[in-house]
Structure formats: structure tokens, C-alpha cells
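The structure appears right after this line, and notes come after that.
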Amino acid sequence: MRNYSIAVLPGDGIGPEVIEAAIKVLDAVQKALGSLRLELKFGEAGYNCIEKYGTNVPEKTLRMLEETDACLKGPMTTPEEIGAPPSAAVTIRRKFGLYANVRPCKSLPGVPSLKPNIDLVIVRENTEGLYFGKGFEVSPGKGIDIRLVTQDASEKVARLAFELAMKRKYHVTCVHKRNILRVTDGIFRNAVYRIAEDYPSVILDEVHVDAMAMRLIKEPEKFDVIVTTNMFGDILSDEAAQIVGGLGVAAGANVGDNYAMFEPVHGSAPKYAGKNKVNPIATILAAKMMMEYLRELEAAEIIEQAVVKVLREGKVRTYDLGGDSTTQEVGEEVASKIMEII
Ligand code: NAD
């Protein structure tokens, strides 16, 4: 029996519902395979914790994460008041050195997609850039936010992008804006080119971020792995999520050298909280990415196959895909397909 300890943070808003559906799928995978055991440890994090603990990531949750192999995280409402703690995801990324954000974007059957053959991954530097968190008001009405880019962090994320390309279509596109951000994007771009020397079989090209925003619409099928800095990656990955069907099916991983956290790309969608209405597929695909990270490739494969089957049949689907099924019905349907596949 292969055992893993998994931290589960249901989060805010629709978080607990989509996590509940994803857990149904993970339960089915364990039952179907018989050789895999996931010990789920539930923890508190998110906006809901601030009143009780004075922070959105309580110390005991951080300690719990340290004792686990990976984390499945639901969406969390970001506090926006001045002086409030940063988003829970940012805190966890910093604490565990999760320097790469990996967001696959793939056309799925039965999901409206700009083109039928999109299969790309955006790898975004996750710890610095404009999200470094240092900004100040120089004088009333005049502010500065600092954009930090280091060779070290850029090389790390570049290496991860090349390793991923080696398992895919051997093509990396470096996205930057070096013509304007000469210092910081110069460092980033040069780091990617330096790491490319270790991967001679991978084709590397470069595109300015504004052109990339356009080409993602015009010819998304031409890309494989896109590597970029934090804010460019944040924006482009939402654009890429939209061209393959929207936030309801987009998952992401935050990866470091010793730990990783998996989450749907979408937020806590407060207006749908408790309505059992939103699409859990993004969270189910995040759980699938977690299985890949744990090298449980069979488990990952059957989750993906089950999701594809449910989407292809199109009988059980949530409102965003034109259906009226509930969040839990979709989770149950994917779980039942897993039992059929095995
Ligand atoms: P959101 O992603 O929560 O929701 C925007 C809209 O997208 C929703 O109103 C809904 O129409 C749709 N949507 C989102 N998830 C869906 C799903 N699973 N199925 C179907 N439709 C779905 O974005 P927002 O309203 O801008 O953010 C709400 C809160 O979430 C904010 O506090 C934001 O900062 C936070 N947020 C958190 C994360 C995270 O935890 N990683 C990510 C993004 C936003």
C-alpha cells in the first residue's frame, strides 16, 4: 500500500463544495486502485479565519502543512483592506518556496473552446515580480510598487518549464517585455536562455507579452510550455483558461522543490456559496495534478479519463457548461466513471 498524507484546505465561499466533490473522486480512486491510501488532514485557512485567529493562515495550519506530502486547496476570499494579511495562497507559496505556478490549458470534449486542439501549459514565476509585496505612496496620489526579479528564481522556474517540455512537445516560449522592462525582464529572459543550454532538444522562442495576449487568441494550438514572470503569467493564464472553457475547468499547481499545493484557478465566487451550483471540475483536475506530482500516474490518468467521459457524455454538467446539475452530482458522476474505468 502506498500512503500519502494530504492537507485539505476547503477555504471560503464555494470552496467547501468543490473540495467535497473532489474528495468523492479521490475516494473513488483509492477504492478502484486498492493500492493507494490518502490520509486527508483538514485545516482552516481563508477569510473565514481572520476574525477567529487574526490571520487567514493560522500557525497550526502551517504546521499541519509541514507534516503532509501535498496540499489540496479550495479557493479563498482575499482580504482587501489596507494592512490586512496577504492572500492565503501568497503566504503558503512564500512559506514553502512554491516558486512555480503551473496551469495547463487543454481543450476538453463538450466544453466550448476557441479551437479543438489546444494543449498548452503556462509556467509562471510565483514568488517575485510585481507580487513581491513592496509598494509605497511617495506622496499623496503618487505610488510605487517594486518589481523584483532575480536570476536565481528565474532559473528555477525556467528549469521546471524545460523539464515539463521534455515530457510534452519539446517547445518552450519565453514571454517577457524586455523592450520596456529592460532590467528585470532582461534578467528573466537571459536566465531562461541560460537554462535552455542544458536542454538542447527543446526548441526555445520568445514573445513579448502584448503579442502573446493576441497570439493566445489567434493561434493557441501552436504553443506548448509558456514560461513567464509573475504578473504576466497571472493575466495570461486567466486568458488561456477562458479559451478552453473558462474558470470552471481550470486547475493550477504551485510547485517548489519539497512541497506543492494544488487548487482550482477560480476564486471563492461568494454569490454562489452554499448553492451547490458551481463546477467542481477545476478542483477535480487540481486533484489529478496532485496525483501526478505524487508520481501516482495511474490515479492521475483515471481521473482525467473519467472527467473526459463525463464531459463527452454531457448529461451531467453544471450551469456554466449549459447544464443544471449540481456540484455534488458532477463529483458523483466522475467518481462513478472511475469505478467503470477500472
Ligand atoms: P471568482 O473566480 O470567485 O468568480 C468570478 C465568477 O466566475 C463567478 O461569479 C462565477 O460566475 C464564475 N465562477 C467561478 N468559479 C466557478 C466555478 N467553479 N463554476 C462555475 N462558475 C464559476 O472571482 P472573483 O469574484 O473575482 O473573486 C472572488 C474572491 O476570490 C476574491 O476575494 C478573490 O480575490 C478571490 N480569489 C481567490 C483565488 C484563490 O484562492 N486562488 C483565486 C482567484 C480569486
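Counting starts at 1 for both ligands and their atoms, following the listed order.
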(Q) Heavy atoms only, cut-off 4.0 Å: how does Tyr47 contact ligand 1, side chain, backbone, both, or neither? (A) neither

Q: Please confirm whether Lys73 comes under 4.0 Å of ligand 1, counting heavy atoms of the residue only.
A: yes

Q.
Taking a cutoff of less than 4.0 Å between a non-hydrogen atom of the residue and any ligand atom, is Tyr272 in contact with ligand 1?
A. yes

**Q.** ligand 1 atoms in contact with Pro75 (distance to a heavy atom under 4.0 Å)
**A.** 40 (O)

Q. Once the angle between the rings of Tyr199 and Phe162 is folded into 0 to 90°, is it parallel (under 30°), tilted (30 to 60°) or perpendicular (over 60°)?
A. parallel

Q | Atom indices of ligand 1, in the order listed, that fall short of 4.0 Å to a heavy atom of Glu263 | A | 41 (N)

Q. Is the closest basic N to carboxylate O distance between Arg317 and Glu333 below 4.0 Å?
A. no

Q | Among Asn48, Thr77, Asp12, Thr78, the one residue meeting side chain to side chain donor-acceptor pair (under 3.5 Å) with Ser268 | A | Thr77

Q. For atom 27 (O) of ligand 1, is the nearest protein heavy atom closer than 4.0 Å?
A. no

Q | Carboxylate-amine/guanidinium contact Arg147 Glu128, below 4.0 Å | A | no

Q. With distance as the sole criterion, is a donor-acceptor pair present between the side chains of Glu125 and Thr127 under 3.5 Å?
A. yes

Q.
With heavy-atom distances below 4.0 Å as the criterion, list the atoms of ligand 1 near Lys271.
A. 9 (O)

Q) Is there a donor in the side chain of Thr318 and an acceptor in the side chain of Ser325, or the other way round, less than 3.5 Å apart? A) no

Q | Salt-bridge criterion met for Glu66 and Arg63 (N-O under 4.0 Å) | A | no

Q.
Between Asn276 and Glu17, is there a side-chain donor-acceptor contact under 3.5 Å, judged purely by atom types and distance?
A. no

Q) So, is Val18 polar-close to ligand 1, with some N/O to N/O distance under 3.5 Å? A) no

Q) Can you find a protein heavy atom closer to atom 19 (N) of ligand 1 than 4.0 Å? A) yes

Q) Is Arg189 positioned over the aromatic face of Tyr193, cation under 6.0 angstrom from the ring centre and no more than 45 degrees off axis? A) yes

Q.
Below 3.5 Å, N or O to N or O, backbone or side chain included: is there any such pair between Ala269 and ligand 1?
A. yes

Q | atom 31 (C) of ligand 1: the protein heavy-atom neighbour that sits closest, reported with distance to 0.1 Å | A | Thr78 N, 4.1 Å

Q: Record the part of Val265 in heavy-atom contact with ligand 1 below 4.0 Å; permitted values are side chain, backbone, both and neither.
A: backbone

(Q) Measuring from atom 38 (C) of ligand 1, which candidate in Gly267, Pro280, Gly15 has the nearest non-hydrogen atom? (A) Gly267

Q) What residue and atom, counting heavy atoms only, is the protein's closest point to atom 25 (O) of ligand 1, and at what distance? A) Pro270 CD, 4.6 Å

(Q) Evaluate Tyr319 for polar contact with ligand 1, using N/O atom pairs at a separation under 3.5 Å. (A) yes

**Q.** Close approach, Ser268 and ligand 1, non-hydrogen under 4.0 angstrom
**A.** yes

Q. What about Met76: any of its N or O atoms under 3.5 Å from an N or O on ligand 1?
A. yes

(Q) Quick check on contacts: which atoms of ligand 1 are under 4.0 angstrom from a heavy atom of His266? (A) 2 (O), 14 (C), 15 (N), 18 (N), 38 (C), 42 (C), 43 (C)

Q) ligand 1 versus Glu80, non-hydrogen atoms closer than 4.0 Å: side chain, backbone, both, neither? A) neither

Q | No-hydrogen, no-angle side-chain donor-acceptor test under 3.5 Å, Ser5 and Asp69 | A | no

Q.
Tell me whether Leu247 reaches ligand 1 (any heavy atom closer than 4.0 angstrom to a ligand atom).
A. yes

**Q.** Modelled atom types, side-chain donor and acceptor of Tyr4 and Glu296, under 3.5 Å
**A.** yes

Q | Val334 with Ile19, same ILVMFWY side-chain cluster at under 4.5 Å | A | yes

Q: Would you verify that at least one protein heavy atom lies under 4.0 Å from atom 15 (N) of ligand 1, or report that none does?
A: yes

Q. Do NZ/NE/NH1/NH2 and the carboxylate oxygens of Glu313 and Lys309 come within less than 4.0 Å?
A. no

Q | 4.0 Å protein heavy-atom contact status of atom 2 (O) of ligand 1, strictly under | A | yes

Q.
Taking the cut-offs as 6.0 angstrom to the six-membered ring centre and 45 degrees off its axis, would you call Lys177 and Phe232 a cation-pi pair?
A. no

(Q) Quick check on atom 5 (C) of ligand 1 - does any protein heavy atom sit closer than 4.0 Å to it? (A) no

Q: Could you see which bit of Asn279 sits under 4.0 Å from ligand 1, with heavy atoms only: side chain, backbone, both or neither?
A: both

